[in-house]
Amino acid sequence: MKQEMWRQLGLNDKEYQMILEILGREPNYVELSMYSVMWSEHCSYKNSKRVLKMFPTENERTLLGPGENAGIVDIGEGLAVAFKIESHNHPSAIEPYQGAATGVGGIIRDIFTMGARPIALLNSLRFGSLKEDRVKWLFSGVVSGIAGYGNCIGIPTVGGEVYFDESYEGNPLVNAMCVGIMEHEKISLGRAKGEGNSVLLVGARTGRDGIHGVTFASEELGEESEEKRPAVQVGDPFMEKLLVEACLELIEMGVVVGIQDLGGAGLTCATSEMSSRGGTGMDIDVSLVPLREEGMDPFEIMISESQERMLLVVEKDKEETVKKVFDKWELTASVIGKVTGDGMVRVRDKGRLVAEVPARSLAEEAPVYCPEMRFPSYLEKVSPLSLEDIPEPREAEEVFLKMITSPNIASKEWVYRQYDHMVRTCTVILPGSDAALLRIRGTDKGIAMTTDGNGRYVYLDPYLGGMIAVAEAARNLSCSGAEPLAVTDCLNFGNPEKPEVFWQFYKTVEGMSQACREFNTPVIGGNVSFYNETAKGAIFPTPIVGMVGLLENIEQRCTAGYKKEGDIIFLVGEGEPAPGGSEYLKHIHGLLKGSPPQLDFQREKKLQSFLREAVKAGLLSSAHDLSEGGLGVALAEGCFSGNLGIKVELSMEGSLRWDILLFGEVQSQALVTLDPQFKEKITRLAKEKGVPLKEIGFVGGKNYKVEVRSQEMNRTINLPLEEIKDKWRGAIECLVEL
């Protein structure tokens, strides 16, 4: 076979030699295509597998960790939550609507494959500067794609985050998360069991869309990427809605032996992974696969990534039962083969054998690499930061207005108002607070969820930035009153073959692993997305943490907005704001330097325990963590959410400058408001928990201004609430529509 052939398919010479040794012969083109997709970085994790072993993967609530389509945690009363986050970055970079839409569709299938009813969607998005026309096109297309799929299928999109930075200019990040609810006994696994059992392909017909999609996702984006537009799948949310109902009905009936989504690498992935997990094999015939295009070759059928398809293994005498259910939902269900006992995946075309490979070699025996690591040279330039580098502004109000209208801080209402976040009527805390919250029908329980990550922090200090991503997610859940349960992550990085990029990846995972142990929140699933770079360079290393938390009583919850005139405002927690890596430093001074704010786990855990207990006791009217934009922005966000003004008096401590006090960033701190009658109780609780508590002001009425002053700093912010709220709300929309 010509060298160009396997190289064109993304395999290197060493990998081809491994295939020769496994098969004991030269592979044909179908077999080579199957290895090329399964041994791609996207499917095999060949550059990340060893590093990911650092993650803790279980605690007392874990029912199922990494290795299946999604992780599952116990929430009591025989119920469990399945959740996962995955990337669809490269497809979204060249076809934003369908790239984002099929990312949503794929993650939904990962959840109902486990036997869980999908109940919520979240996302985490990154784009370049909105001053660029192409970025506006990408941004609008991605948001429309997420809305189009989620709204049509009837699953609420309840939370997420959106950030903008030049590093994502040509390579946006589109990470989609889905959460589902289930009963313990309904857990389904992607395993082929029972020699002689039937293999059925159900759902949509197979076309040429998505061919070599995983190969495309395992290389850097370049000028030729536009030519690979056919690699982007096309989604049909109405078809997926029918597929959800049909598959869940079959699982409820107990006739499904194994089930798996046909996502990346299509039939090749599903047949090999289900066989490998089950210790079995499969014998299928591609001529039995329903097609929507004529003349498809066997290799195309095997690696097509057409959406809304599932592979089922059912007992041999249950095929007609499956077909009746799918007929009812007006979907196709075709027997395409059977389970075998010899561990081989055999592919036939009208009975003629066209591929025969060991299932395990495809699914689990891809080469595992240990890329070279090197401390990035750029850190020597960006790490030092002196206050002399930061000119002290004269006008506090001018800086404040610039900060609240920064695209990274301004209201994301333009985004989430396009999403249906109330469908199914279980959403209790809407988008815009620290975490989303859904009720679990038939119980008192609530499920809180969030996505968090700060690529700027990780760029400046991968280890610390990785820890902060986990800590902030847990803090956001704690602000709502929920106990953090577990993590799913999406690790977005550049080319792992570059030593500096792989060092970033290794240190980030190391930091995240440490934080997950501290908070007892194991990583039960996720996704690694490498090769996120263009000719201009790599994106910021951007780990996204999706975290789920539990409220035993949904009535004991809290949100970020101020609630009542006369409530006292407290700053709770311990930490000194710092300018390093802050939105203030970047947006106002154009600098990306310094160290992110330090994280002390003991302080953080004390704060989160205090917040959860205070919410449970009904002491708090609102709770909101300090993150991007620091204290000044957090104070304003409470005003905007609650539509109430404030009067705050701050005191300067040590040599801290007023701009750093207001807009520097800090870990392990939050703002809480409460009725004055609870002042004594909250003070006692803070003392018991060892958490500093500082009264800084009070909540005013609807006609009150946003007033923040300090005698020492001789600076005052005194602005009409409606005026600044309008600027905050309209900042993104103005940029998109320019």
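Both backbone and side-chain heavy atoms feed into the values below; hydrogens, waters and symmetry mates do not.
- Using a distance-only test at 3.5 Å, with no hydrogens or angles considered, a donor-acceptor pair links the side chain of Ser480 to the main chain of Leu477.
- Between the side chain of Asp110 and the backbone N or O of Ala70, no donor-acceptor pair lies under 3.5 Å.
- Between Glu574 and Lys606, no side-chain nitrogen of the basic residue sits less than 4.0 Å from a carboxylate oxygen of the acidic one, so the salt-bridge criterion is not met.
- Between Leu650 and Leu662, some side-chain heavy-atom pair lies under the 4.5 Å cut-off.
- Residue Lys605 places its NZ atom among more than 12 non-hydrogen atoms of other residues, nucleotides or ligands, all under 6.0 Å distant.
- Side-chain atoms of Asp461 come within 3.5 Å of backbone N or O of Leu464 as a donor-acceptor pair.
- In this structure, Arg729 places its CZ atom where only 12 or fewer heavy-atom neighbours from other residues, nucleotides or ligands lie under 6.0 Å away.
- Residue-environment remark: CD (Glu58) stays at or below the threshold of 12 foreign heavy atoms within 6.0 Å.
- Checking side-chain atoms of Ser411 against main-chain N and O of Glu413 turns up a donor-acceptor pair under 3.5 Å.
- With rounding to the nearest 0.5 angstrom, the OG atom of Ser188 is 3.5 Å from the CD1 atom of Ile251.
- Under a 4.0 Å N-O distance rule, the pair Lys84/Glu86 qualifies as a salt bridge.
- Using a 4.0 Å cut-off between charged side-chain N and carboxylate O, Glu183 and Lys186 make a salt bridge.
- We find that Arg684 and Glu680 are joined by a salt bridge, their nearest charged nitrogen and carboxylate oxygen being less than 4.0 Å apart.
- Side chain of Ser406 to backbone of Met403: no donor-acceptor contact under 3.5 angstrom is found.
- Side chain of Glu707 to backbone of Ile646: no donor-acceptor contact under 3.5 angstrom is found.
- Counting only distance, with no hydrogens or angles, the side chain of Asp659 and the backbone of Ala396 share no donor-acceptor pair below 3.5 Å.
- A salt bridge does not link Glu583 to Lys586: none of the charged side-chain nitrogens sits closer than 4.0 Å to a carboxylate oxygen.
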